[in-house]
Amino acid sequence: MKKVLVGVLTLVSLAMPWQASAEEETTTSAEALLHEMDHATRHLSYEVSYILIKKNSIEPLRYRHAIENGQTYAHLIYLSGPPREVIQRGKEVSYFEPGLDPFTIDSNRMVAPLPPIMRNNVTELSQFYDFIPMGRSREAGTACDVVRIAPKDGARYSYLLWMDTRTHLVLRADLLDRDGEPLEQYRAVSFVVNDKVGDVLETLKSVQLPEVVQLPPQPQVQLSWQVNWLPQGFESIANNRHRLILTERQVESQMYTDGLFSFSIYVSAADGFSVREQLVRQGRRTLHSQLLHDKEVTVVGDIPPATARRVAESVTFDGGSQP
(Lines give C-alpha, C1' and ligand atoms only; values in the text may rest on other atoms or scores of the structure.)
Protein backbone atom coordinates (compact mmCIF):
# COMPACT_ATOMS: atom_id res chain seq x y z
CA MET A 1 0.00 0.00 0.00
CA LYS A 2 2.84 2.37 0.89
CA LYS A 3 4.55 1.91 -2.48
CA VAL A 4 1.25 2.52 -4.29
CA LEU A 5 0.65 5.74 -2.36
CA VAL A 6 4.16 7.02 -3.08
CA GLY A 7 3.69 6.23 -6.75
CA VAL A 8 0.39 8.11 -6.89
CA LEU A 9 1.87 11.16 -5.18
CA THR A 10 4.85 11.11 -7.52
CA LEU A 11 2.56 11.04 -10.54
CA VAL A 12 0.52 13.90 -9.15
CA SER A 13 3.73 15.87 -8.60
CA LEU A 14 4.58 15.74 -12.29
CA ALA A 15 1.53 17.78 -13.26
CA MET A 16 2.66 21.30 -14.02
CA PRO A 17 0.74 24.25 -12.57
CA TRP A 18 -1.99 25.58 -14.80
CA GLN A 19 -1.35 29.01 -16.24
CA ALA A 20 -3.35 31.91 -14.89
CA SER A 21 -6.02 33.41 -17.09
CA ALA A 22 -5.68 36.99 -18.30
CA GLU A 23 -7.82 38.24 -15.40
CA GLU A 24 -5.67 36.40 -12.89
CA GLU A 25 -2.24 37.34 -14.21
CA THR A 26 -0.20 39.37 -11.75
CA THR A 27 2.41 41.97 -12.52
CA THR A 28 4.33 41.10 -9.38
CA SER A 29 7.76 39.74 -10.26
CA ALA A 30 8.89 36.32 -9.11
CA GLU A 31 11.60 37.91 -6.94
CA ALA A 32 9.05 40.24 -5.32
CA LEU A 33 6.85 37.23 -4.54
CA LEU A 34 9.79 35.54 -2.82
CA HIS A 35 10.47 38.66 -0.75
CA GLU A 36 6.81 38.65 0.32
CA MET A 37 7.11 34.97 1.19
CA ASP A 38 10.22 35.67 3.28
CA HIS A 39 8.46 38.47 5.18
CA ALA A 40 5.37 36.31 5.81
CA THR A 41 7.47 33.37 7.01
CA ARG A 42 9.30 35.55 9.53
CA HIS A 43 6.47 37.77 10.83
CA LEU A 44 3.10 35.98 10.65
CA SER A 45 1.56 33.78 13.33
CA TYR A 46 0.67 30.53 11.60
CA GLU A 47 0.37 26.76 11.80
CA VAL A 48 1.08 24.37 8.91
CA SER A 49 0.42 20.64 8.91
CA TYR A 50 2.38 19.04 6.09
CA ILE A 51 3.88 15.87 4.72
CA LEU A 52 7.48 15.38 3.64
CA ILE A 53 7.58 12.99 0.70
CA LYS A 54 10.79 11.19 -0.21
CA LYS A 55 11.35 8.32 -2.63
CA ASN A 56 10.49 5.61 -0.11
CA SER A 57 8.75 7.39 2.73
CA ILE A 58 6.04 9.86 3.70
CA GLU A 59 6.42 11.69 7.00
CA PRO A 60 3.70 13.90 8.57
CA LEU A 61 4.77 16.98 10.57
CA ARG A 62 3.31 20.14 12.10
CA TYR A 63 5.01 23.52 12.37
CA ARG A 64 3.82 26.48 14.44
CA HIS A 65 5.35 29.95 14.39
CA ALA A 66 4.68 33.26 16.14
CA ILE A 67 6.42 36.53 17.00
CA GLU A 68 5.98 38.27 20.34
CA ASN A 69 7.90 41.38 21.41
CA GLY A 70 10.36 40.78 18.60
CA GLN A 71 11.08 37.21 19.76
CA THR A 72 10.51 34.16 17.57
CA TYR A 73 8.62 31.22 19.06
CA ALA A 74 8.35 28.07 16.95
CA HIS A 75 7.52 24.40 17.46
CA LEU A 76 8.02 21.57 14.99
CA ILE A 77 6.76 18.09 15.84
CA TYR A 78 6.87 14.77 13.96
CA LEU A 79 3.36 13.29 14.00
CA SER A 80 4.24 9.60 13.57
CA GLY A 81 6.87 7.21 14.85
CA PRO A 82 9.00 7.88 17.95
CA PRO A 83 8.42 11.32 19.54
CA ARG A 84 10.64 13.97 17.94
CA GLU A 85 10.35 17.72 18.19
CA VAL A 86 12.24 20.99 17.88
CA ILE A 87 11.46 24.11 19.94
CA GLN A 88 12.71 27.61 19.22
CA ARG A 89 12.47 30.25 21.92
CA GLY A 90 14.13 33.46 20.84
CA LYS A 91 17.75 32.71 19.98
CA GLU A 92 17.74 29.29 21.61
CA VAL A 93 16.76 26.09 19.79
CA SER A 94 16.14 22.80 21.64
CA TYR A 95 16.18 19.36 20.04
CA PHE A 96 14.44 16.25 21.34
CA GLU A 97 15.44 13.09 19.49
CA PRO A 98 14.91 9.41 20.41
CA GLY A 99 18.08 7.81 21.73
CA LEU A 100 19.77 11.14 22.46
CA ASP A 101 19.79 13.40 25.49
CA PRO A 102 17.82 16.59 24.76
CA PHE A 103 20.03 19.60 24.14
CA THR A 104 19.79 23.34 23.41
CA ILE A 105 22.08 25.48 21.27
CA ASP A 106 22.41 29.22 20.67
CA SER A 107 20.87 29.80 17.25
CA ASN A 108 18.23 31.93 15.55
CA ARG A 109 17.26 29.15 13.14
CA MET A 110 16.18 25.55 13.71
CA VAL A 111 17.62 22.68 11.71
CA ALA A 112 14.45 20.97 10.54
CA PRO A 113 12.77 19.47 7.44
CA LEU A 114 11.39 22.79 6.17
CA PRO A 115 12.03 24.33 2.73
CA PRO A 116 15.42 26.08 2.98
CA ILE A 117 14.10 29.04 0.97
CA MET A 118 12.16 29.99 4.12
CA ARG A 119 14.13 32.59 6.11
CA ASN A 120 16.79 32.95 3.44
CA ASN A 121 18.34 35.99 1.77
CA VAL A 122 16.46 36.27 -1.52
CA THR A 123 18.62 39.12 -2.81
CA GLU A 124 21.83 37.13 -2.35
CA LEU A 125 20.31 34.04 -3.95
CA SER A 126 19.33 36.08 -7.01
CA GLN A 127 23.03 36.29 -7.94
CA PHE A 128 23.16 32.53 -8.54
CA TYR A 129 19.55 31.55 -9.25
CA ASP A 130 16.89 32.65 -11.73
CA PHE A 131 13.40 33.22 -10.30
CA ILE A 132 10.89 32.23 -12.96
CA PRO A 133 7.12 32.88 -12.63
CA MET A 134 5.09 29.78 -13.53
CA GLY A 135 1.55 31.15 -13.26
CA ARG A 136 -0.97 30.09 -10.66
CA SER A 137 -2.23 26.79 -9.31
CA ARG A 138 -4.00 25.36 -6.27
CA GLU A 139 -2.47 23.65 -3.26
CA ALA A 140 -4.00 22.81 0.13
CA GLY A 141 -7.32 24.07 -1.26
CA THR A 142 -6.17 27.61 -2.01
CA ALA A 143 -4.87 29.62 -4.96
CA CYS A 144 -1.08 29.85 -5.16
CA ASP A 145 1.55 31.76 -7.09
CA VAL A 146 4.08 29.31 -8.52
CA VAL A 147 7.76 30.21 -8.88
CA ARG A 148 10.67 28.13 -10.08
CA ILE A 149 14.11 28.69 -8.52
CA ALA A 150 16.63 27.52 -11.13
CA PRO A 151 20.44 27.66 -10.83
CA LYS A 152 22.12 29.92 -13.38
CA ASP A 153 25.01 27.44 -13.81
CA GLY A 154 23.00 24.22 -13.99
CA ALA A 155 25.37 22.65 -11.44
CA ARG A 156 22.87 22.11 -8.63
CA TYR A 157 19.24 21.24 -7.99
CA SER A 158 16.24 23.55 -8.38
CA TYR A 159 12.99 24.21 -6.52
CA LEU A 160 9.40 24.71 -7.59
CA LEU A 161 7.41 26.68 -4.99
CA TRP A 162 3.68 27.17 -4.46
CA MET A 163 2.91 30.27 -2.31
CA ASP A 164 -0.55 31.20 -1.02
CA THR A 165 -1.69 34.30 -2.95
CA ARG A 166 -3.12 35.93 0.19
CA THR A 167 -0.65 35.13 2.97
CA HIS A 168 2.40 34.33 0.75
CA LEU A 169 3.29 31.29 2.88
CA VAL A 170 4.93 28.31 1.15
CA LEU A 171 2.36 25.54 0.77
CA ARG A 172 4.39 23.25 -1.44
CA ALA A 173 8.05 22.96 -2.38
CA ASP A 174 9.34 20.39 -4.90
CA LEU A 175 13.07 19.71 -4.97
CA LEU A 176 13.90 18.81 -8.59
CA ASP A 177 16.94 17.19 -10.12
CA ARG A 178 18.54 18.53 -13.30
CA ASP A 179 16.06 16.56 -15.43
CA GLY A 180 13.11 18.09 -13.59
CA GLU A 181 12.28 14.88 -11.70
CA PRO A 182 11.14 15.34 -8.06
CA LEU A 183 13.59 14.20 -5.39
CA GLU A 184 11.66 15.43 -2.37
CA GLN A 185 8.42 17.27 -1.66
CA TYR A 186 7.11 19.48 1.12
CA ARG A 187 3.29 19.61 0.81
CA ALA A 188 0.95 21.41 3.19
CA VAL A 189 -2.22 19.51 4.06
CA SER A 190 -3.80 22.34 6.05
CA PHE A 191 -2.74 25.73 7.38
CA VAL A 192 -4.06 28.61 9.41
CA VAL A 193 -2.85 32.19 9.87
CA ASN A 194 -4.16 33.56 13.16
CA ASP A 195 -2.81 35.45 16.15
CA LYS A 196 -4.23 32.68 18.34
CA VAL A 197 -1.30 30.52 17.25
CA GLY A 198 0.77 32.82 19.45
CA ASP A 199 -1.52 31.96 22.36
CA VAL A 200 -0.88 28.26 21.76
CA LEU A 201 2.89 28.86 21.78
CA GLU A 202 2.59 30.90 24.98
CA THR A 203 3.46 27.76 26.95
CA LEU A 204 6.94 27.76 25.41
CA LYS A 205 7.81 30.71 27.64
CA SER A 206 7.50 28.64 30.80
CA VAL A 207 8.40 25.12 29.64
CA GLN A 208 11.60 23.72 31.12
CA LEU A 209 14.13 23.29 28.33
CA PRO A 210 17.62 21.73 28.44
CA GLU A 211 20.53 23.97 29.35
CA VAL A 212 22.34 25.63 26.46
CA VAL A 213 25.30 23.54 25.31
CA GLN A 214 28.48 25.59 25.52
CA LEU A 215 30.43 24.57 22.46
CA PRO A 216 34.18 25.23 22.56
CA PRO A 217 35.40 27.61 19.84
CA GLN A 218 36.52 25.76 16.74
CA PRO A 219 39.93 26.98 15.62
CA GLN A 220 40.47 27.43 11.91
CA VAL A 221 42.57 24.55 10.57
CA GLN A 222 45.25 25.02 7.92
CA LEU A 223 44.28 22.30 5.45
CA SER A 224 46.84 20.44 3.35
CA TRP A 225 44.71 20.70 0.20
CA GLN A 226 42.67 23.16 -1.85
CA VAL A 227 39.54 22.87 -3.93
CA ASN A 228 39.92 24.69 -7.25
CA TRP A 229 36.34 24.57 -8.53
CA LEU A 230 33.04 25.23 -6.78
CA PRO A 231 29.61 26.10 -8.17
CA GLN A 232 29.14 29.87 -7.99
CA GLY A 233 27.94 31.12 -4.63
CA PHE A 234 29.24 28.27 -2.49
CA GLU A 235 31.40 29.45 0.39
CA SER A 236 33.29 27.64 3.12
CA ILE A 237 31.59 27.88 6.51
CA ALA A 238 33.64 25.40 8.60
CA ASN A 239 36.67 23.13 8.49
CA ASN A 240 37.99 20.45 10.77
CA ARG A 241 40.73 17.88 11.35
CA HIS A 242 40.06 14.73 13.38
CA ARG A 243 40.91 11.02 13.64
CA LEU A 244 38.47 8.21 12.91
CA ILE A 245 37.67 6.25 16.05
CA LEU A 246 38.11 2.75 14.61
CA THR A 247 41.12 3.23 12.33
CA GLU A 248 42.85 6.29 13.84
CA ARG A 249 43.09 7.59 10.28
CA GLN A 250 43.31 11.39 10.18
CA VAL A 251 40.64 13.16 8.14
CA GLU A 252 40.44 16.79 7.06
CA SER A 253 37.06 18.24 6.11
CA GLN A 254 35.54 21.45 4.86
CA MET A 255 31.85 22.37 4.54
CA TYR A 256 30.37 24.68 1.89
CA THR A 257 26.93 26.23 1.35
CA ASP A 258 25.16 28.65 -1.00
CA GLY A 259 22.20 29.18 1.33
CA LEU A 260 19.94 26.58 -0.30
CA PHE A 261 22.26 23.60 -0.55
CA SER A 262 25.38 22.38 1.24
CA PHE A 263 28.08 19.74 0.91
CA SER A 264 31.33 18.70 2.58
CA ILE A 265 34.70 17.50 1.28
CA TYR A 266 36.66 14.90 3.26
CA VAL A 267 40.32 14.13 2.54
CA SER A 268 42.42 11.38 4.12
CA ALA A 269 45.38 9.13 3.29
CA ALA A 270 44.31 6.10 1.26
CA ASP A 271 44.47 2.68 2.93
CA GLY A 272 43.62 -0.92 2.13
CA PHE A 273 39.89 -0.23 2.41
CA SER A 274 39.86 2.67 -0.06
CA VAL A 275 38.18 2.10 -3.42
CA ARG A 276 39.28 3.75 -6.65
CA GLU A 277 35.88 5.34 -7.23
CA GLN A 278 32.45 5.11 -5.63
CA LEU A 279 29.14 6.88 -6.26
CA VAL A 280 26.06 6.56 -4.07
CA ARG A 281 22.96 8.69 -4.50
CA GLN A 282 19.95 8.51 -2.21
CA GLY A 283 17.29 11.12 -2.85
CA ARG A 284 18.86 14.56 -2.54
CA ARG A 285 22.07 13.24 -1.02
CA THR A 286 25.10 12.29 -3.14
CA LEU A 287 28.30 10.57 -1.98
CA HIS A 288 31.19 10.56 -4.46
CA SER A 289 34.56 9.13 -3.44
CA GLN A 290 37.72 8.66 -5.50
CA LEU A 291 41.48 8.24 -5.17
CA LEU A 292 43.73 11.11 -6.16
CA HIS A 293 47.38 10.09 -5.95
CA ASP A 294 47.66 8.53 -2.47
CA LYS A 295 44.65 10.41 -1.02
CA GLU A 296 40.99 9.48 -0.71
CA VAL A 297 38.71 12.42 -1.54
CA THR A 298 35.01 12.17 -0.66
CA VAL A 299 32.29 14.71 -1.43
CA VAL A 300 28.99 14.33 0.43
CA GLY A 301 25.98 16.63 0.18
CA ASP A 302 22.90 17.95 -1.57
CA ILE A 303 24.36 18.35 -5.05
CA PRO A 304 24.05 16.35 -8.31
CA PRO A 305 26.52 13.48 -8.88
CA ALA A 306 28.22 15.25 -11.81
CA THR A 307 28.84 18.31 -9.63
CA ALA A 308 30.20 16.19 -6.78
CA ARG A 309 32.60 14.48 -9.18
CA ARG A 310 33.83 17.79 -10.62
CA VAL A 311 34.42 19.21 -7.12
CA ALA A 312 36.40 16.11 -6.09
CA GLU A 313 38.53 16.14 -9.22
CA SER A 314 39.47 19.78 -8.63
CA VAL A 315 41.16 19.05 -5.27
CA THR A 316 44.93 19.58 -5.27
CA PHE A 317 47.46 18.97 -2.50
CA ASP A 318 50.32 20.88 -0.92
CA GLY A 319 53.68 19.35 -1.79
CA GLY A 320 54.93 17.04 0.93
CA SER A 321 52.01 17.77 3.23
CA GLN A 322 50.12 14.79 4.63
CA PRO A 323 46.49 14.96 5.76
Side-chain angles (χ1 to χ4, degrees), residues 35-53 57-122 139-142 161 163-164 166-173 184 186-218 237-238 257 259-260 262:
H35 279 291
E36 290 174 343
M37 175 274 299
D38 179 62
H39 184 272
T41 299
R42 296 174 188 269
H43 297 286
L44 293 181
S45 294
Y46 58 94
E47 174 184 306
V48 181
S49 295
Y50 66 97
I51 52 176
L52 186 67
I53 306 171
S57 67
I58 302 177
E59 196 159 36
L61 302 98
R62 183 180 65 218
Y63 178 69
R64 289 171 173 156
H65 175 276
I67 298 289
E68 184 171 336
N69 297 324
Q71 291 274 75
T72 297
Y73 293 89
H75 184 205
L76 182 136
I77 184 169
Y78 294 73
L79 298 177
S80 67
R84 300 169 62 190
E85 56 187 313
V86 185
I87 293 174
Q88 180 175 356
R89 188 168 62 186
K91 293 186 177 180
E92 295 181 356
V93 182
S94 301
Y95 295 87
F96 301 84
E97 297 273 350
L100 297 175
D101 292 332
F103 63 94
T104 300
I105 61 173
D106 282 319
S107 178
N108 59 5
R109 184 173 182 174
M110 63 170 61
V111 177
L114 292 163
I117 188 63
M118 295 169 60
R119 300 177 64 87
N120 216 313
N121 190 315
V122 175
E139 196 67 30
T142 190
L161 300 182
M163 295 169 287
D164 178 27
R166 293 172 299 168
T167 66
H168 308 296
L169 292 176
V170 177
L171 299 185
R172 176 173 169 181
E184 188 175 291
Y186 162 101
R187 301 188 70 168
V189 178
S190 64
F191 74 105
V192 61
V193 177
N194 196 304
D195 290 340
K196 291 184 178 180
V197 176
D199 297 337
V200 175
L201 294 178
E202 183 81 17
T203 56
L204 295 185
K205 295 181 179 179
S206 57
V207 69
Q208 186 71 30
L209 296 176
E211 293 293 326
V212 175
V213 176
Q214 299 299 328
L215 299 175
Q218 295 294 319
I237 58 173
T257 185
L260 283 186
S262 61

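Note that the structure is a prediction, hence the values are computed from the model and not measured.
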Please tell me if the side chains of [X] and [Y] come closer than 4.5 Å, counting only heavy atoms from C-beta onward.
| X | Y | result |
| --- | --- | --- |
| P113 | Y186 | no |
| Y63 | V86 | no |
| Y95 | L100 | no |
| L171 | F191 | yes |
| Y78 | L61 | yes |

Check [X] against [Y] and note the closest heavy-atom contact, atom names and distance.
| X | Y | answer |
| --- | --- | --- |
| M37 | V170 | CG-CG2, 3.5 Å |
| A173 | P115 | CB-CG, 3.9 Å |
| F96 | P210 | CZ-CD, 3.8 Å |
| V93 | M110 | CG1-CB, 3.8 Å |
| G259 | T257 | N-OG1, 3.1 Å |

Considering residues at least two apart in sequence or located in another chain, which fulfil the side chain to side chain donor-acceptor pair (under 3.5 Å) criterion with [X]?
| X | value |
| --- | --- |
| E97 | R84 |
| R109 | none |
| N120 | none |
| T104 | S94 |

Return all side-chain donor-acceptor pairs below 3.5 angstrom for residues 69-76, not counting sequence neighbours, or 'none' if the list is empty.
from, atom 1, to, atom 2, distance (Å)
H75, NE2, E85, OE1, 2.6

Carefully, step by step, assess E92 and L209 under the rule side-chain contact (heavy atoms from CB on, under 4.5 Å). CA-CA 10 Å; E92 295 181 356; L209 296 176; 5.6 Å; no
With sequence neighbours left out, which residue pairs that include part of residues 64-78 fulfil the salt bridge (Lys or Arg N to Asp or Glu O under 4.0 Å) condition?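 The answer is E47-R64, E68-K205.
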Which residues share a salt bridge (charged side-chain N to carboxylate O under 4.0 Å, His left out) with R119, sequence neighbours left out: none
With no hydrogens and no angle check, is any side-chain donor or acceptor of R89 less than 3.5 Å from a backbone partner on V207? yes
Taking atom [atom1] of [X] and atom [atom2] of [Y], what is their separation to the nearest 0.5 Å?
| X | Y | atom1 | atom2 | value |
| --- | --- | --- | --- | --- |
| E139 | D164 | CD | CG | 11.0 Å |
| I53 | R172 | CD1 | CZ | 8.0 Å |
| E184 | L52 | CD | CG | 4.5 Å |

Looking at residues at least two apart in the chain, or sitting in another chain, which of them share a side-chain contact (heavy atoms from CB on, under 4.5 Å) with [X]?
| X | value |
| --- | --- |
| V213 | F103, L215 |
| H35 | E31, V122, T123 |
| D101 | none |

Give the table of side-chain donor-acceptor pairs shorter than 3.5 Å for residues 192-201, with sequence neighbours excluded, one pair per line with atom names and distance.
from, atom 1, to, atom 2, distance (Å)
N194, OD1, K196, N, 2.8

